[in-house]
Structure formats: structure tokens, C-alpha cells
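Beneath this line is the structure, given in C-alpha cells, with notes to follow.
Naming: A, B, ... by sequence-line order, numbering from 1 per chain.
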Amino acid sequence: MIVVLARTADGVVATTIDDDGAVSDTEMVDEVAEYVEFREEERPRWAWDDTSRWYPDLLTAGVRVERCFDLRLCHVILRNSTLTATSQLALAEPGAWDAALRPMVFREPDGALFVLDGEPSAEPMGESDPVAELLLQRVAVAASAQPGRIGRLIAAESAGALIAAEMTFAGLPWRAEQHDEILQQLLGPRPSSGERPVKLHAVLARVRELLDAPDLNPDSPSELQKALGRAGLIVTSTRSWELRKLTHPSIAPLLEYKKLSRLLSANGWQWLDTWVVDGRFRPTYVPGGVVTGRWASDGGGALQLPKQVRGAVIADDGWKFVVADASQLEPRVLAGMAADRAMAEAGAGDLYAGIVSSGAVETRDQAKVAMLGAMYGATTGESGRLMPQLARQYPKAIGMVEAAARAGERGEVVTTTLGRSSPPPGPQWREAQSDAFGENATDATTSRARSAARSWGRFTRNFIVQGSAAEWALCWMASLRRRLTVLSGNAPLGDSPHLVFFLHDEVVVHCPAPLADEVAREIRAAAVDAGRLLFGPLPVTFPVTIAIVDNYGQAK
DNA sequence: ATGCATCGCGCG
DNA sequence: AAAGCGCGCGATGCAT
């Protein structure tokens, strides 16, 4: 049973839809949270335009739902997937569901959190009847050649939307005093605004002295490049990795300055004031925010928290963090999707060690760099050199990414394990290709076209791996969420083990200390579930590295 | 004042 | 332009 919620001019309408797709009931709803709580006992799948427009209010009212369809996210998938390409949904002209809908705003531009009272601040959706949309989506899935794949994908995507809202609601525990302590340790006391902290100032003074550039603004790449040039250091950029190759007394303090300056501007006191409220960091997660299906985030740089400050992420008294990382996820997913048994067997333990044992390469480091090269499309350097050796040992896996690259070079679309398809290349790309074969083709146009083709091939090569890994991670989290709910007997979110952070192949669960071991077991079991959901009985394994810690900085 | 491109660097 | 993929965000520098 599905219950569709819709906002209309007259108020909220709930439409109940049977398993056969027939509308069995329509009613007006006064108190949405009460209604949802009441009907949740029937365990329906809720359907709504956008989870971020409905669920935060419910969570605030203490109401959770087990499952949903996020029609906006599902629409994007079904519109683009090769598995539903002939559906009415995919063939229709773009409409309200294709508009660049913005998730509901959770905060003011100044960073104040949760605009939750009153009507959602998001703009209305336009002509977009969610009941009609849901029915179109059902037809599209049912008529697909592989309804199981695409059906699992939209369910997983929707579960992700629920989890994203729940993680924002719960927030990541963040101890401001500890963060301040870390900053003071590295930078010195907090200066009045506009001033450089003393330690940053001191190291800058060294740089200026050693480069004989008393007024140097090190934050300006062009100024810095000139100053280095005057000291006889010729560089084509001022990136740290490039500066590291130089030998000059100014380089060490300069690199030190860059490191500290980055910390200050990205995660300094200003960041702390803006993003940490009442002991919690509440970023907005954006499911489906990346073309490959990975999540993006909005506000506070949630997916780029530097290791330096993770020590400020401290569990509540009597609670622990269970930090879990899916080891070598992408190559394992590749082995699964290519049904490459040799690579799957190499992954029985440490995958890279397994690759060495197979004789493909000599060292673990080589295995790693060769594998990365295969998934990213390296052509030169050590990585490009080692990759062919992998291809001999694992023809199915490497053949799979090579085929995806060739398809991309031809301008074709590629599709992940569960059915998310890559975007087609844009008009500029196509023009570049046709220019190369036109009457006015020159060496320049031809080489530009070839370079663009290769580049798009690297994108599609990586798309199938990164995208399928993102699907595995969604299934992992969805299964874990279900298991945690069972574990805690439906206790309120904040009183029982709950997800507080997700980073592509890593999750953090905040839980009462006595439950940590049990949570760890559920995380591992959920990884097994995810492997089965994507690859059925294939013997590909997904080991998980787990740390039970008091603060996030202690993990890894 | 505000927008946009670029550089640089954090994460996976 | 690091050896290749995907992001968000702050500072700078130039354009409007």
C-alpha cells in the first residue's frame, strides 16, 4: 500500500493506493504529523514530491516513517535510465518534475538552522500531481526489462532521502570547546576578527623574511608566484604538491602557512560560530546531488571535514561512535558488476594483497595504483604502465571499465548495476566531434575532439564504478537503518542508536555505549545485505573496518 | 555592491 | 598538467 501526500490549495490531501495501483481512498488531512503517525501503523510506503519538504516537520513532531518514494529523486532516475527509456515518463516533454527543483531550505543564508515553522519556504512545485506521477513511475518500472534492478534503485534512493533528513535532524555531536582547543593549539588564541592568529602570523613573518618580500600576501597565487620567482624559484603553479619539490628555506614555512591558513578559513572559529549550534553540526545532505548518485552536501563542507578537527566530534556522555568504513569498496563493486570471479576471490581478504598473490603485480602499492588507474582511466605514469598487467589477470573486470570508456568516447550512455544512467555529453562535445570529421577539419579540431572524447570516456569509465558503489552504500545504509530500528524497538531517534554521518563509503552511528558491539554486528550484516542486493549469490565480499570510539578523530 | 571564473585544497 | 574520477567552499581578481 502506498499513501501519497500532496499539498493543494485547500490543504494536504492523502491518497491511498492499493498494491494493484487503484486509488482506494482520498481524504483531507488537517494535522499531517498526527495523520502520518496514525497510518504508519499500517506500514505503508509514503509517497511525496520531496522528502526534504515533508520529513523534517514530521521528525520535529517526533514521527518517523519506515519507507517512502521520493518522487522528485525517483523521477530523475527513471527519466534518464536506459532501463526505462521507452516509458511514457521518459518520453514525455520535460515538465514540473524535471525542473531544477531545489530542496527545501533548512537554514537562512547566515547559517541559522531549520526554517520549520509555518509553510515550507520552498517555491511551489507548479503543475505536478504526485498521484499521477507515482502511477507513471509504477508503469515505467513495471514495463522495464529489469524491474527488479530499477525498483531496488528507486527504493534505495528514497531510503537515502529519509536517512539524509534524519541525520540532519539528529546532528553530528560537536564539542565547540574541543574544537577551540584544537584551533588554539595550532593557531594560537582566537584573534579579533580580521587579524591573523599569532602562530599563523609568525610563520608568515618567516616566509616574508626568507623570500625578502615584506608585503607578500601569500593568499594570492599570482603574488606568491612572483615572489618565488624573484627568489629564483620558477613554478607554474603555487600548489603545495608542486612547492614540495623545491629546495629553499622558505618552502617549509610556506607549506606550514598554507596548511594553517586553510584550517583557519575552512574550519576555523568563524566556521564553528556558523555551523555548530547547541553541540550539533547539522549539514544538509543532498541525496542524488552528484551525477553518479553520490550524495552532495550543502553548508559547512560536511563531506570535507579535515581529519585535523575530527577530534571535536565527541560522543555524548555514556555514548559511543561506531565508525565503519567499507574497505576497498570501488574495486570490489567492479568485481561484482563484472562478475569477475578471479577478482572476487582476490578480495576474500585484503584485495590489493590478493592481487599481488595472483601475480599480476609485485607490491601492494602497485596493486593499488594500478587498480585506481583502471577505474579512473590513467594512461601515463606508473599507473598507466601497470594497468595492462591487471587486464591480463582480470579480463572481465578491466574489460568492463574499458568498455564503459569506449562507450563514452562514442558519446553513448552507460548504466550502473541498479540502473542509473550517465548523462549524455552536451552540445559542445558533439560539435567538437562533428568538427573533427567535417570539411574544415584541421589537426587542431581533430586533436581537440579526440581529447574531449577521451575525457568523456574517463568520466563514463568512472561513472559505472562510482555510481554502483554509491548504490551499494545506499543499500548498506538502508539495511542498517532498518536493523537499528529493530534493535531499538522503535524508540525515538535521539534515544537509540542512529546514523549521524555518512561519507561515500563510511558511516558513523551514535549509540549508547553498551550497544556498540551489537551495532557493529548490524553494520557488518548490513554490508552483507547490500552485496546480495546488488550482486545476488556472487562470491564478492564487502569487509568493513570498524572502530568503536569516543571521538571521531580516534577512528583510523 | 554583486556576479563569475580561477586557483587551491579538503574529502571520498 | 600530479595519474586518472567525483564533489564544496573560501579567497582573489576581474567584470559588471
Side-chain angles (χ1 to χ4, degrees), chain A residues 109 111 196 217-225 235-245 254-255 257-268 270-271 274-275 283-310 325-331 333-334 365-366 368-387 390 401-402 404-405 408 414 416 420 422-423 451 454-470 472-473 501-507 552 556:
Chain A
R196 280 198 177 89
N217 173 10
D219 300 323
S220 165
S222 67
E223 240 190 85
L224 181 56
Q225 188 174 355
V235 287
T236 55
S237 85
T238 61
R239 301 209 241 295
S240 292
W241 63 261
E242 185 152 358
L243 299 183
R244 238 179 287 280
K245 296 187 293 201
L254 179 54
L255 292 172
Y257 174 87
K258 279 174 166 278
K259 189 78 184 163
L260 294 178
S261 162
R262 165 79 192 188
L263 173 65
L264 176 67
S265 70
N267 296 98
Q270 185 62 50
W271 182 92
T274 307
W275 296 111
T284 301
Y285 298 93
V286 188
V290 179
V291 275
T292 57
R294 274 188 175 180
W295 289 12
S297 70
D298 183 13
L303 304 186
Q304 310 140 251
L305 291 177
K307 301 236 158 95
Q308 278 169 313
V309 301
R310 293 186 183 184
D325 176 299
S327 315
Q328 305 146 348
L329 177 59
E330 291 193 349
V333 164
L334 174 58
D365 221 45
Q366 286 181 339
K368 189 172 177 176
V369 86
M371 205 59 235
L372 285 176
M375 294 186 300
Y376 292 159
T379 52
T380 62
E382 191 188 19
S383 186
R385 210 165 48 245
L386 290 169
M387 212 262 277
L390 274 190
V401 283
E402 288 293 324
V414 297
T416 60
R420 193 185 310 259
S422 63
S451 153
R454 292 241 167 88
S455 171
W456 197 258
R458 287 194 299 275
F459 167 63
T460 51
R461 170 197 293 268
N462 186 248
F463 182 96
I464 60 166
V465 180
Q466 187 182 120
S468 298
W472 183 92
F501 197 57
F502 168 55
L503 193 55
H504 308 313
D505 61 359
E506 178 179 342
V507 295
Y552 192 17
K556 299 207 245 203

Checklist line | Ring-on-base stacking C/dA3 with A/Tyr376 (under 5.5 Å, under 30°) | finding: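 Taking the rule of under 5.5 Å and under 30°, the ring of A/Tyr376 does not stack on C/dA3.
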
Note to self: Reading DNA chain C from 5' onward, which residue's closest nucleotide shows up sooner: A/Ala302 or A/Arg294?
What the structure shows: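 Here A/Arg294 is the residue nearer the 5' end.
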
Next item on the list: Using the closest heavy atom to pick a nucleotide of DNA chain C for each, name whichever of A/Asn462 or A/Gly301 lands nearer the 5' end.
Entry: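 Nearest-nucleotide comparison on DNA chain C picks A/Asn462.
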
Proximity to the side chain of [X] - top-ranked nucleotide from [options]:
| X | options | result |
| --- | --- | --- |
| A/Val369 | C/dT12, B/dG8, C/dA3 | C/dA3 |
| A/Pro221 | B/dC7, B/dG12, C/dG4 | B/dC7 |
| A/Ser237 | C/dG6, B/dG8, C/dC9 | B/dG8 |
| A/Arg239 | C/dA11, B/dC11, C/dA1 | C/dA1 |
| A/Ser265 | C/dA11, B/dG12, C/dG8 | C/dA11 |
| A/Ser240 | B/dC9, B/dG12, C/dG8 | B/dC9 |
| A/Thr292 | C/dG4, C/dG6, B/dG12 | C/dG6 |

Roughly how many Å is it from [atom1] in [X] to [atom2] in [N], rounded to a whole number?
| X | N | atom1 | atom2 | answer |
| --- | --- | --- | --- | --- |
| A/Lys245 | C/dA1 | NZ | C1' | 9 Å |
| A/Glu330 | C/dG6 | CD | P | 12 Å |
| A/Trp241 | B/dC9 | CH2 | C1' | 13 Å |
| A/Trp275 | C/dG8 | CH2 | C1' | 11 Å |
| A/Asn267 | C/dG8 | CG | P | 16 Å |
| A/Arg458 | C/dA2 | CZ | P | 12 Å |
| A/Glu382 | C/dA3 | CD | P | 11 Å |
| A/Asp325 | B/dG12 | CG | C1' | 10 Å |

Any base atoms under 4.0 Å from [X], or only sugar-phosphate, or nothing? Heavy atoms, all strands.
| X | result |
| --- | --- |
| A/Ala266 | nothing |
| A/Asn217 | sugar-phosphate |
| A/Val291 | sugar-phosphate |
| A/Arg310 | sugar-phosphate |
| A/Leu329 | nothing |
| A/Lys556 | sugar-phosphate |

Are any side-chain N or O atoms of [X] and backbone N or O atoms of [Y], one a donor and one an acceptor, separated by less than 3.5 Å?
| X | Y | value |
| --- | --- | --- |
| A/Trp295 | A/His504 | no |
| A/Ser468 | A/Ile464 | yes |
| A/Arg420 | A/Phe463 | no |
| A/Thr238 | A/Gln225 | no |

Note to self: Any salt bridge linking A/Glu330 with A/Arg294? Criterion: basic side-chain nitrogen under 4.0 Å from a carboxylate oxygen.
What the structure shows: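 Salt bridge: yes.
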
Check: If you round to the nearest 0.5 Å, how far is CG of A/Leu224 from CG of A/Asn217?
Finding: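 If we round to the nearest 0.5 Å, A/Asn217:CG and A/Leu224:CG are 9.0 Å apart.
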
Next item on the list: Confirm from the modelled atom types if A/Arg262 and B/dC9 form a donor-acceptor pair under 3.5 Å, side chain to base only.
Entry: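 In this structure, the two groups form a donor-acceptor pair.
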
Check: Quick one: is A/Lys258 getting a side-chain N or O under 4.0 Å of the B/dC9 phosphate, OP1 or OP2?
Finding: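 True: A/Lys258 side-chain N/O within range (under 4.0 Å) of B/dC9 OP1/OP2.
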
